[in-house]
Amino acid sequence: MMNTTKVYIEKYDFKDKSKVEDHFQSLLERNITSVEELENWLKDVSDFYDAIQEAMDGHYIDFQANNEDQEAKEAFEYDQEKIEPLVKRYQAKLDEKFMNTQWKENLSEAEYSRLIRSKQNALELFNEANVELEIEEDKLATQYFEHTGALTAEWNGEEKTITQLFTYLQDPDRSIRKKAFGLIFNEILEVKPDLQDIMSRLIEIREEKAKNSGLENYRDYMFKKYERFDYTPEDCKELAESIKTHVLPLAKDIQDEHRRELGLEDYRPYDTKAVPSDKKPLKPFKTTEEFVDKTATVLGELDPRFKELIEIMNERGMLDLENLKNKSPGGFCTPLPISELSFIFMNAANTHSDMMTLVHEMGHCVHNDLKRPIELSYYRDTPMESSELASMTMELITMDYWHHFYDKKEDLKRAKLDVLKDIVMFLPGGVVIDQFQHWMYENPNHTKEDRMNKYMELRQEFDPGVVNFDGYEEARKAQWLFVLHIFEVPFYYIEYVIAQLGAVQMYKQYREDPEKALQNYKEALSLGNTKSLYEVYEAAGIKFDFSAEMVKELMDFIQAEIDELE
């Protein structure tokens, strides 16, 4: 059955759960009598997963687009309660069938060793009791989106979403910035008790899952689930220290310079995004149509296929870009393997960061497009350290063509400087979110107040020390409540930091030899998950390396780029 009113394809009617189950059962019962039959079976399993994934992701898209749409909510919750548990149980049975078949030993090691390791890892992690716990976990994440998606405040007699209010933090008028900041954090503090309750319950569930799988804590559980075979929790702590040592000094210089540019002695939290009074906030586009057209033009400068991709997605209704009430915050890109395209969701409010978000998400779309020839879904399902390398590199290698967004030289220079400075400012914040999660799950018996205080402590430890937070301590403690990853995709954040360092390496390479760098970029992305992170980064012409030496080298490079632009 194909649902013609949707942007995604539904091959199966989930309401008739028995048909899905029958298909799983037929795969489970199939007799395999040769290596060739095993390979065909793996392909059929993969195709079935693709069909299920596209339909479930489609229902997720519908719910995120409008949290108040009852039909979308029911379909999404039905998937969480009925379909996902079914898939997880059969996935474990199919993994077991695969691991127990004698023909597995005759598969090509070069081609299948990663898949075999993954299946072994998944079986070690699987526990029947966790399936029920994950239903509740998913429901709590849904509640989080309902609370945050519904947040609005009155602005000059008009109802504005929180995302729309964030744009006022750039306003040259300080009183407007202060008012917007107050409204944003009043709204967040309003739902703080609810979000704290959700987090407390999530921690209980997640700890129980780890114990059920025989692991010491949930952090170890997630490292195993994410198949982080190439680095350890200890490496994350070392990376945090490297960033503290080599990034914070540059971050301090950037904020000090911004403070002086604004003519302020007392630099407050509502000043950090401000535009000086003699300038206006950057406006790269006026309408959604113009936004898409300009992005397509920029992407086309790199590769005609990149441009073709966004144009096809636009024609097929696969770009949900505008910010609306009851729409979940944030942005994401979802591959739709049956449609052979990707879907982009975001909340544009006509700012420079919107342009960056769309370019970022198009990096994921290009990645998905380059992986399409890979047969098995497992090998198309890339780790986030390479997925985010794709998107963050795209942000940087498009910079040479941003004149399509900014025809004034001064605006273009500001846009480029903003991006380079934002990288520096992001890295300390990125490791704070990561280390906060490590702490939460290493100390699962903490109280709600402990949680707020620990976040504050980490924020202070990784802060350049320029902003005066007096009177805004509660707002500062509550910032993490707006980071959806902590609630929905725990431990997904360090990948942004690692990939950001990789993307800066890619940009450095691009500055030296654009043609070669672009060729390496496409080569690395086309590998999907067929190689280790070390090999993917090597194919990109860079190193999977987040040592102190590498962090220092990249900060020196960014400093030089900033100096050159200024």
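S339 and E54 form a side-chain donor-acceptor contact under 3.5 Å, judged by distance and modelled atom types alone. Under the 3.5 Å distance criterion, with hydrogens and angles disregarded, no donor-acceptor pair is assigned to the side chains of D194 and Y144. Side-chain N/O atoms of E77 and T142 include no donor and acceptor closer than 3.5 Å.
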**Prompt:** Could you walk me through whether Y218 and Q437 pass the side-chain hydrogen bond (donor to acceptor under 3.5 Å, both in side chains) check?
**Reply:** CA-CA 10 Å; Y218 183 70; Q437 294 187 85; over 6 Å; no
**Request:** List the steps and the verdict of salt bridge (Lys or Arg N to Asp or Glu O under 4.0 Å) for R380 and D50.
**Result:** CA-CA 10 Å; R380 274 183 266 118; D50 280 346; 3.0 Å; yes
**Asked** Could you walk me through whether R201 and E137 pass the salt bridge (Lys or Arg N to Asp or Glu O under 4.0 Å) check?
**Response** CA-CA 8 Å; R201 182 61 191 135; E137 191 179 6; over 6 Å; no
**Item:** Chi angles and distances behind the salt bridge (Lys or Arg N to Asp or Glu O under 4.0 Å) call for D271, K178
**Value:** CA-CA 8 Å; D271 296 322; K178 185 176 179 180; over 6 Å; no
**salt bridge (Lys or Arg N to Asp or Glu O under 4.0 Å) assessment of R268 paired with D470** = CA-CA 8 Å; R268 306 291 271 164; D470 287 354; 5.2 Å; no
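Cation-pi check for R228 over F223 is met; the charged atom lies under 6.0 angstrom from the ring centroid and within 45 degrees of its normal. Remark: R476 qualifies as a cation-pi partner of F469 under the 6.0 Å distance and 45° angle criteria applied to the six-membered ring.
Under the 6.0 Å cut-off for aromatic ring centres, H438 and F491 qualify, their centroids lying closer than that. For an aromatic pair to be called close, the ring centres must be under 6.0 Å apart, and W439 with Y455 fails this.
The side chain to side chain donor-acceptor pair (under 3.5 Å) test with Y406 singles out one residue from H352, K283, K294, and that residue is H352.
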N/O donor to acceptor pairs below 3.5 angstrom from side-chain atoms of residues 312-323, sequence neighbours left out:
from: D320; atom 1: OD1; to: K327; atom 2: NZ; distance (Å): 2.9
from: E322; atom 1: OE2; to: T288; atom 2: OG1; distance (Å): 2.8
from: N323; atom 1: OD1; to: T161; atom 2: OG1; distance (Å): 2.5
from: N323; atom 1: ND2; to: N347; atom 2: OD1; distance (Å): 2.7

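Salt bridge status for D62 with K73: absent, with no side-chain N to carboxylate O gap under 4.0 Å.
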